Undergrad: 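Have a look at this one.
What you see is a predicted model; the values in this text were computed from it and never measured. First the proteins, then the strands, lettered A, B, ... as listed; each starts at 1.
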Protein chains: 2
Amino acid sequence: MNSEESISRALERFKSVLHERSLKMSTVRESIARAALNYDGHFSVEELLRVLRSKGVSEAHLATVYRAVPLLVEAGLIQPALLSKGDHQRYEVAFEREHHDHIVCTSCGRVVEFVSEALEALQREIADRYEFSLDDHVHELLGRCSDCRDKPAARHS
Amino acid sequence: MNSEESISRALERFKSVLHERSLKMSTVRESIARAALNYDGHFSVEELLRVLRSKGVSEAHLATVYRAVPLLVEAGLIQPALLSKGDHQRYEVAFEREHHDHIVCTSCGRVVEFVSEALEALQREIADRYEFSLDDHVHELLGRCSDCRDKPAARHS
DNA sequence: TTCAGTGCAAAGGATTTGCAACACC
DNA sequence: GGTGTTGCAAATCCTTTGCACTGAA
């Protein structure tokens with residue numbers, strides 16, 4: 001979810017990244033970018049396509065969306081998320097959003113985002129200890145939320 | 001890598017988990033379990049099969065290994081590892097090994113395991129904060145090791 | 001006008017599944 | 001002897017690609 005101004009800046013950035021690679025900003029590409037930027041939550045390529053279709057905004061083809069997604073990632077508009085969810089890769093808006101990690105309920109699938117500077121610091125410290133320069137990390141906590149604690153564990157997808 | 005005694009205990013456990021599900025401990029299943037337990041590092045199903053074949057221990061079929069792996073995971077002999085490595089799922093020995101996370105060099109692919117009680121504690125704290133019971137987590141640090149810091153980033157698979 | 005973008009269909013690659021023959025308990 | 005197991009091949013599922021046509025700069 002983004003404000004109109006934020007979306008404009010994001011599209012501007014997208015366009016400039018495309019330019020650098022001598023690629024073009026097409027109508028379809030822009031629709032896909034907008035749909036992604038407006039997506040509230042974590043989406044798969046298939047789900048993004050569904051939104052595009054439902055809004056009648058565009059008749060984008062599945063393959064086209066698959067081709068656009070890596071470009072959106074490269075431009076920093078979206079980023080991969082929810083690695084542990086077995087099925088297909090999911091993404092979330094990254095543009096002008098602060099870094100966060102996720103805690104996922106394995107029973108109902110609820111996802112909560114959290115920010116912990118202590119955690120970030122600790123990770124930098126660990127990377128230092130092993131003489132790694134830290135570029136990124138994948139971090140997800142898995143458990144059961146307050147509503148599901150009593151129910152038996154059951155991995156959702 | 002495990003001692004002979006550890007392997008015996010692991011096979012015992014495997015057998016009992018199979019029993020609970022009225023499944024059987026076959027020769028092939030045992031070979032697969034042994035190969036997995038002896039594997040030093042992080043393996044894919046395909047790689048595990050390769051070891052089985054090379055040792056001439058067994059003519060296990062790929063599909064059979066795919067069928068055995070979830071059972072080995074359920075019995076706690078192995079666990080999924082290296083989620084962020086795009087290609088296929090990898091596993092590592094879990095039986096009688098202490099919990100650890102990984103730091104991966106995105107340039108040369110080197111993987112270092114680390115243990116941090118502070119990190120574990122912090123994760124429990126965060127789960128508490130959101131009223132989640134913490135069952136598990138996925139955590140990988142990505143960066144470049146001391147040998148690769150100068151080289152440009154290049155994701156390995 | 002010239003590359004790049006798109007739709008479509010077909011290819012890929014990892015994993016799964018149906019089924020008949022086979023092996024444990 | 002009766003189940004569960006295995007090999008094999010075919011089927012899936014997500015994702016990628018080749019190609020002829022369309023579109024943006």
Side-chain angles (χ1 to χ4, degrees), chain A residues 11-12 14-36 42-50 52-53 57-75 78 80-91 155 157, chain B residues 11-12 14-36 42-50 52-53 57-75 78 80-91 155 157:
Chain A
L11 292 175
E12 224 31 66
F14 189 27
K15 191 175 289 187
S16 89
V17 168
L18 289 172
H19 247 91
E20 284 168 17
R21 310 250 256 103
S22 13
L23 301 179
K24 294 168 185 168
M25 172 63 108
S26 67
T27 326
V28 179
R29 217 109 91 171
E30 182 173 332
S31 302
I32 296 172
R34 278 185 190 281
H42 307 89
F43 57 89
S44 64
V45 170
E46 199 87 41
E47 286 162 352
L48 186 55
L49 180 67
R50 213 169 299 144
L52 280 160
R53 293 250 164 93
V57 179
S58 159
E59 276 303 319
H61 193 93
L62 182 60
T64 305
V65 182
Y66 270 109
R67 282 187 273 232
V69 160
L71 297 171
L72 295 172
V73 171
E74 188 187 334
I78 63 175
L82 269 20
L83 268 279
S84 72
K85 299 202 138 193
D87 41 358
H88 19 36
Q89 179 63 268
R90 284 172 180 281
Y91 301 87
R155 296 256 160 151
S157 53
Chain B
L11 292 176
E12 224 33 64
F14 189 28
K15 192 174 291 187
S16 88
V17 168
L18 289 173
H19 248 91
E20 284 167 19
R21 308 251 256 104
S22 13
L23 301 178
K24 293 170 186 168
M25 170 63 108
S26 67
T27 327
V28 178
R29 219 111 89 171
E30 181 173 332
S31 301
I32 295 171
R34 278 185 190 281
H42 307 89
F43 57 89
S44 64
V45 170
E46 199 86 43
E47 285 162 350
L48 186 54
L49 180 67
R50 214 169 297 143
L52 280 160
R53 293 248 164 95
V57 180
S58 161
E59 276 303 321
H61 193 93
L62 182 59
T64 304
V65 182
Y66 269 109
R67 282 188 272 232
V69 160
L71 297 171
L72 295 172
V73 171
E74 190 189 333
I78 65 176
L82 269 22
L83 268 278
S84 71
K85 300 201 137 191
D87 41 358
H88 19 36
Q89 179 61 269
R90 284 173 182 281
Y91 301 87
R155 295 259 162 149
S157 53

Undergrad: Start at the 5' end of DNA chain C and walk down; is the nucleotide closest to A/R21 or to B/K24 reached first?
TA: A/R21
Undergrad: Any donor and acceptor pair, going by atom type alone, linking the side chain of B/R90 with main-chain N or O of B/L82 inside 3.5 Å?
TA: no
Undergrad: Does the C/dG7 base have a donor-acceptor partner in the side chain of A/R67 within less than 3.5 Å?
TA: yes
Undergrad: Between C1' on C/dA10 and CG on A/L62, what's the gap in Å once rounded to a whole number?
TA: 14 Å
Undergrad: How many whole angstroms separate atom NE2 of B/H19 from atom P of C/dC24?
TA: 15 Å
Undergrad: If I take atom CD in residue B/E30 and atom C1' in nucleotide C/dC24, what distance separates them, rounded to the nearest angstrom?
TA: 13 Å
Undergrad: What is the distance, rounded to the nearest whole Å, between atom CE of B/M25 and atom C1' of D/dT3?
TA: 18 Å
Undergrad: Pick one: which of A/K15, A/E12, A/H19 meets side chain to side chain contact (heavy atoms under 4.5 Å, CB included) with A/M25?
TA: A/K15
Undergrad: Counting side-chain heavy atoms from C-beta on, which of D/dA24, C/dC8, D/dT3 comes nearest to A/A63?
TA: C/dC8
Undergrad: Of the nucleotides C/dA23, D/dC8, C/dA14, which one has an atom closest to the side chain of B/H88?
TA: C/dA14
Undergrad: Would you please confirm or rule out a distance under 4.0 Å between OP1 or OP2 of C/dC8 and any side-chain N or O of A/H61?
TA: yes
Undergrad: Remember a base hit wins even if backbone is also touched, and classify A/S44 as base, sugar-phosphate or nothing at under 4.0 Å, heavy atoms.
TA: nothing
Undergrad: Does A/S26 place a side-chain N or O at less than 4.0 Å from the phosphate oxygens OP1/OP2 of D/dG23?
TA: no
Undergrad: Has A/T27 got a side-chain N or O lying under 4.0 Å from the OP1 or OP2 atom of D/dA24?
TA: yes
Undergrad: Report yes if at least one side-chain N or O of B/Y66 is closer than 4.0 Å to OP1 or OP2 of C/dT16; otherwise report no.
TA: no
Undergrad: For the side chain of B/L23, starting at C-beta, report the closest nucleotide among D/dT6, D/dG4, D/dA25.
TA: D/dG4
